[in-house]
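Have a look at the structure below before the remarks.
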Protein chains: 2
Amino acid sequence: MIDPRPASAPPRRTAAEGVYLALKRDIITLRHRPGAALGEQTLADTYGTSRVPVREACRRLQQEGLLTAIPYKGYFVSPISPKEISDSFELRTAIETRAVALAVTRATDGELARLGELAAIEYTYSDWVSYVEFLDKNLGFHLEVAALSRNDRLFAVLHNLLVSMQRYFFLGLDLGDFGAEMRGEHELLVRHMRSRDAGAAATCAEEQITSSYERIRRALAAADNIEIPITEV
Amino acid sequence: MIDPRPASAPPRRTAAEGVYLALKRDIITLRHRPGAALGEQTLADTYGTSRVPVREACRRLQQEGLLTAIPYKGYFVSPISPKEISDSFELRTAIETRAVALAVTRATDGELARLGELAAIEYTYSDWVSYVEFLDKNLGFHLEVAALSRNDRLFAVLHNLLVSMQRYFFLGLDLGDFGAEMRGEHELLVRHMRSRDAGAAATCAEEQITSSYERIRRALAAADNIEIPITEV
DNA sequence: CATTGCAAAATTGTATACAATTCGTATACA
DNA sequence: TGTATACGAATTGTATACAATTTTGCAATG
């Protein structure tokens, strides 16, 4: 008899898993500001469990780059520096452009059609709720592209990267009114993919990632004088 | 006062760290065959510690893809499948070609000169010791290229990937007599980098990674009839 | 003979206690 | 005043005990 569980079993609902998810959410949404000091005992008290599950959660988040451990000081929410943002986008470009090219050669027409549906997302400017919803759907779109590459290892790495990059969008930066533009970009990308032009699709993806980075960079520069939680430890 | 420790502090010599390193080495060198079953208690006995440090080590190795956990069965050394090898090389190509291109634009002449020294490595065919030594130096060369990209995040991901791929070279496959050829490839790559031609260097790197993959693929196909620890769980 | 129920065994998850290490600070001393 | 040092506080690391969950073997039953 074959194990009835799906290939990648969903993690059991355990205390460690709970702390991991809650802490991750709180870090990504910047409820814990970059640079904030945490401690195993404090976290254990906060989340109502003991230090052991907290340790496990923190080690995972550390490996994902969201937490930084300083021995005998505690855990710290990894600071967001301009270089970290730049590095992340650079790595993302390297991986995601390849993912797009691979997806073009491997995805079925049906899958690309479905991807087109996922691309039809926007947000309304200065509407926070709509913006957060958009972020979630946008992540889903890019993860789907990654999945269509049919490369599990690539998917895992890109997934981790994209999730940790979500944090940048919660900085409260005024990126501007780009809902429609981004939707257009997404749909253009899918169009290139559906016409099975790997080169054009990859180039298109690279341009879009670059312009996304530029939007953040500009907003960051413009917000230079206000309170941005970019810490220098 | 600035913390006198280097930016990335070397991990303390702790029991968990010890188990992690030993287990990782044993997995990479295939002392633990792919598919082999391990268990927390067994490992704790083996390495002379308790289950807690073992758990931590296993979780890390799991995230790095070297271990697979099956609930209430134990940990298993991740099997090596043709698809896993293919996926890994694909991801490696995506990241390393970009690393090379970035290094070309960012490394100093001195750093590239030093890289040229690291490139001067060979192995003598059918000499296992020389081969293992070569593997280590070869990893060092590619890691140095990654470091010269000046992208910490890219470095971390590529580092993890390259280390886990070392396993493939311990399968006992007869890759053939390519010591001199690979040295030539390395030196050609460095030459392109020193002439600051990012495009040529990236293309060169991609070709070399592909040919490395082809060597493994051919050897794997040739060894199809003999005992290769490619497990299907 | 297949299926179900159940209890024992195995494994993982969690809490707690304690050991080990490091840091900060106060104090002694030159 | 500057420096060394010793001690206490804080933090992480480890072991052990126990609880929770799942698997497995076996027998009973249709």
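Lettering of chains follows the sequences in order, A, B, ..., and the numbering in each one begins at 1.
- With sequence neighbours excluded, the residues that form a side chain to side chain contact (heavy atoms under 4.5 Å, CB included) with A:Leu21 are A:Arg13, A:Glu17.
- Remark: C:dA30 base-pairs with D:dT1. Criterion, Watson-Crick or G-U wobble with two distances under 3.5 Å.
- Residues from residues 14-21 of chain A placing a heavy atom under 4.0 Å of any atom in DNA chain C, listed by number, are A:Thr14, A:Ala15, A:Ala16.
- A side-chain donor from one of A:Glu64 and A:Tyr20 sits under 3.5 Å from a side-chain acceptor of the other.
- Here B:Arg150 pairs with B:Glu111 in a salt bridge; the nearest charged N to carboxylate O distance falls below 4.0 Å.
- Comparing B:Leu38 and A:Gly48 along DNA chain C, the residue whose closest nucleotide (by nearest heavy atom) sits nearer the 5' end is B:Leu38.
- In this entry the distance linking CZ of A:Arg13 with C1' of D:dT21 reads 17 Å, nearest Å.
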Passes salt bridge (Lys or Arg N to Asp or Glu O under 4.0 Å), B:Arg98 versus A:Glu90? Steps please. CA-CA 9 Å; B:Arg98 186 71 56 143; A:Glu90 231 168 52; over 6 Å; no
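- Using a 4.0 Å cut-off between charged side-chain N and carboxylate O, B:Arg59 and B:Glu56 make no salt bridge.
- Taking atom OH of residue B:Tyr72 and atom P of nucleotide C:dA8, one finds them 19 Å apart after rounding to whole Å.
- Below 30°, between 30° and 60°, or above 60°: for B:Phe134 and B:Tyr131 the angle between ring planes is below 30°, a parallel geometry.
- Residue B:Thr49 has a polar side-chain atom (N or O) positioned under 4.0 Å from OP1 or OP2 of D:dA15.
- Contacts of residues 51-63 of chain B with DNA chain C (heavy atom under 4.0 Å): B:Arg51, B:Arg55, B:Arg59.
- Phosphate proximity of C:dA9 to B:Lys73: absent, as no side-chain N or O sits under 4.0 Å from OP1 or OP2.
- Nucleic acid contact class of A:Glu40 (heavy atoms, under 4.0 Å, all strands): sugar-phosphate only.
- Note on A:Gly39: nothing from the nucleic acid sits closer than 4.0 angstrom, heavy atoms only.
- The residue among B:Ser50 and A:Gln41 whose nearest nucleotide of DNA chain D lies closer to the 5′ end is A:Gln41.
- A side-chain donor from one of A:Ser88 and A:Tyr168 sits under 3.5 Å from a side-chain acceptor of the other.
- For the pair B:Ile70 CD1 and D:dT24 P, the interatomic distance rounds to 11 Å; values are reported in whole Å.
- Under the 6.0 Å cut-off for aromatic ring centres, B:His186 and B:His142 qualify, their centroids lying closer than that.
- With respect to the salt-bridge test (charged N to carboxylate O, under 4.0 angstrom), the residues A:Asp26 and A:Arg31 qualify.
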